2 protein chains.
Amino acid sequence: MRESDSALNPEEYMPLREVVFLTLRSQILRGELKPGERLMEISLANRLGVSRTPIREAIRKLEHEGLVVMIPRRGAHVAEITQQELKDVLEIRKSLEILAVTKICRCITDREIGELEKAEEIFARQVMKKDSDPAALGEADEQFHEMIYNATHNRRMIQILNNLREQMYRFRMEYLKDKEVRMKIVEEHEAILNAIRRRDEQEAVRLEQEHIDNQYRSIMKSLEERCAGRTGYEQSE
Amino acid sequence: MRESDSALNPEEYMPLREVVFLTLRSQILRGELKPGERLMEISLANRLGVSRTPIREAIRKLEHEGLVVMIPRRGAHVAEITQQELKDVLEIRKSLEILAVTKICRCITDREIGELEKAEEIFARQVMKKDSDPAALGEADEQFHEMIYNATHNRRMIQILNNLREQMYRFRMEYLKDKEVRMKIVEEHEAILNAIRRRDEQEAVRLEQEHIDNQYRSIMKSLEERCAGRTGYEQSE
DNA sequence: TTATAATGTATTGTATACAAAGTCAGCCGG
DNA sequence: CCGGCTGACTTTGTATACAATACATTATAA
């Protein structure tokens, strides 16, 4: 049964709960499991070929990530996300990313700048590709930001920021489709990178702020478009 | 077996995992379970009179809270916390509490200010009491800050800030013993409250910043005192 | 005496069984 | 025709059994 796992871990040991967790998480973020959809233990267990135990433990983790909501004795369902919550998340992210960028300008090493440049380059190349997979694009974007987070050397900040970004992955696919948006992101990344390279705190902060504000607008726009067709994200419960 | 639970929930239903989670969490924060101590499922299950299943699920939650560290196939142990991590946590808290205070100055209602005053008064009275229980004192302090968080109406921020504060509860008991420190905290709370009342953003932010910086110093002082006697918090793993 | 191998025990990882509660459809009475 | 009740079915909550791994101890050989 260990052999039939969706090929995820080539070498090292990973508990089933972790595999299940990553699988479900990915499915939620990719929209394969839709907001509000019920997560039933037995059917998940059958589908993934494991018993209920690892499923339950994975759900506990998803619950804490905020991707799943539990109602006692009534089971788990994929968390809905309201516009207000999105706004809340971005408000916090703005504050923390500013902190990160400020910190980085003071203490980033040349080696780390090199890595950042590399990540940015990969992202830019992905954008330029004609028919780039939105998932790959998203991952490249993720990499760039993760590099910034890592350079702070504040593990908890890294963890919190990753979690906050994660909340938005479900929408990223949508607005990353727009060619103009993607180009703009590349520009912004480069500008931020430049400011960091020059250790220009003020400018880096300003740009980062703008970057988040733009992201907010992009998401809201794509949300409105989606809502125009069909509602489903505007009420919390 | 449900009846023998450490009387926690008088009325509403709560899954065992939640009871176990709260119990263990409290024991970690109070220092009854010491950093580095192993958490063995069977002995915990026996001690709390439940089976391993709810214990395991509670541990998953503690793991995500950062109070417990898991090593696959080798079990869970209470998280150590290094000086660096404490610094990291406070760095984030400073940034977010500043955001909270700023936000509050703009949108707090008179009613909420009233509640904040009440919470502050309760805390001040606790401090003045001759032999006040440090736990009660800590809780009153917690209440005051939670009021501030709540006034932001940003649920995720409330959750994150509570979690970050939680990380420090293990040390709070120590430094709250010092009468001078406690008096100073009351003063600072009142000053912050006043600034908020006047909607003076700049001043409120400045005071909040100072409040956190002082907290940092207090904790570091009490940590150094502790380390002078016996080491145990300075290495990460 | 020391290093290494073997073996037994303790502990976690996973699966399954049983209990309790919730949901829903169909039936009966008003 | 509508509303409440009953009972089967679903689903979660909890306990336990079994498997696999890691750790410690002891014995054996160099």
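The structure displayed is predicted, hence computed values, not measured ones. Labels below follow one simple rule: chain letters A, B, ... track the order of the sequence lines, proteins then strands, and each chain is numbered from 1. The figures here come from the full heavy-atom set of this structure, side chains too, leaving out hydrogens, waters and symmetry mates.
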[options]: which one has an atom nearest the side-chain heavy atoms of [X]?
X     : options                : result
A/L16 : C/dT14, C/dG13, D/dG13 : C/dT14
A/R73 : C/dT12, D/dT14, C/dG22 : C/dG22
A/M40 : D/dA15, C/dG13, D/dT11 : D/dT11

**Prompt:** So which heavy atom on A/A79 is nearest to which on A/V69, and how close?
**Reply:**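 Residues A/A79 and A/V69, closest heavy atoms: CB-CG2, 3.8 Å.
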### Query
DNA chain C: B/T53 or B/R38, which has the more 5' nearest nucleotide?
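Checking each residue's closest nucleotide, the 5'-ward one belongs to B/R38.
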Whichever of B/G75 and A/R52 has the more 5' nearest nucleotide on DNA chain C, that residue is B/G75
Can you check the [X] [atom1] to [N] [atom2] distance for me, whole Å?
X     : N      : atom1 : atom2 : answer
A/E18 : C/dG13 : CD    : C1'   : 13 Å
A/I59 : D/dT11 : CD1   : C1'   : 12 Å
B/R56 : D/dA15 : CZ    : C1'   : 14 Å
B/I71 : D/dC23 : CD1   : P     : 9 Å
B/E41 : D/dT14 : CD    : C1'   : 15 Å
B/H77 : C/dT12 : NE2   : P     : 12 Å
A/R17 : C/dA15 : CZ    : P     : 13 Å
A/I55 : C/dT14 : CD1   : P     : 11 Å

| query | Would you say D/dA15 has OP1 or OP2 under 4.0 Å from some side-chain N or O of B/S51? | reply | yes
Q. Can you check whether A/P15's main-chain N or O pairs, donor with acceptor, with A/E18's side chain at less than 3.5 Å?
A.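 Absent.
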Check whether B/T23 reaches the backbone of B/V19 with its side chain - one donor and one acceptor, N or O, closer than 3.5 Å. yes
How is B/L39 classified with respect to the nucleic acid when contacts are heavy atoms under 4.0 Å: base, sugar-phosphate, or nothing? sugar-phosphate
Would you call B/E85 and A/R155 a salt bridge, taking side-chain N to carboxylate O under 4.0 Å as the test?
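Salt bridge present between B/E85 and A/R155.
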Atom pair CD1 (A/I98) and CG (B/L99), whose distance is rounded to the nearest 0.5 Å:
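These two atoms lie 9.5 Å from each other.
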Side-chain-base donor-acceptor pair under 3.5 Å for A/R74 and D/dG13 |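 Side chain to base: no pair present.
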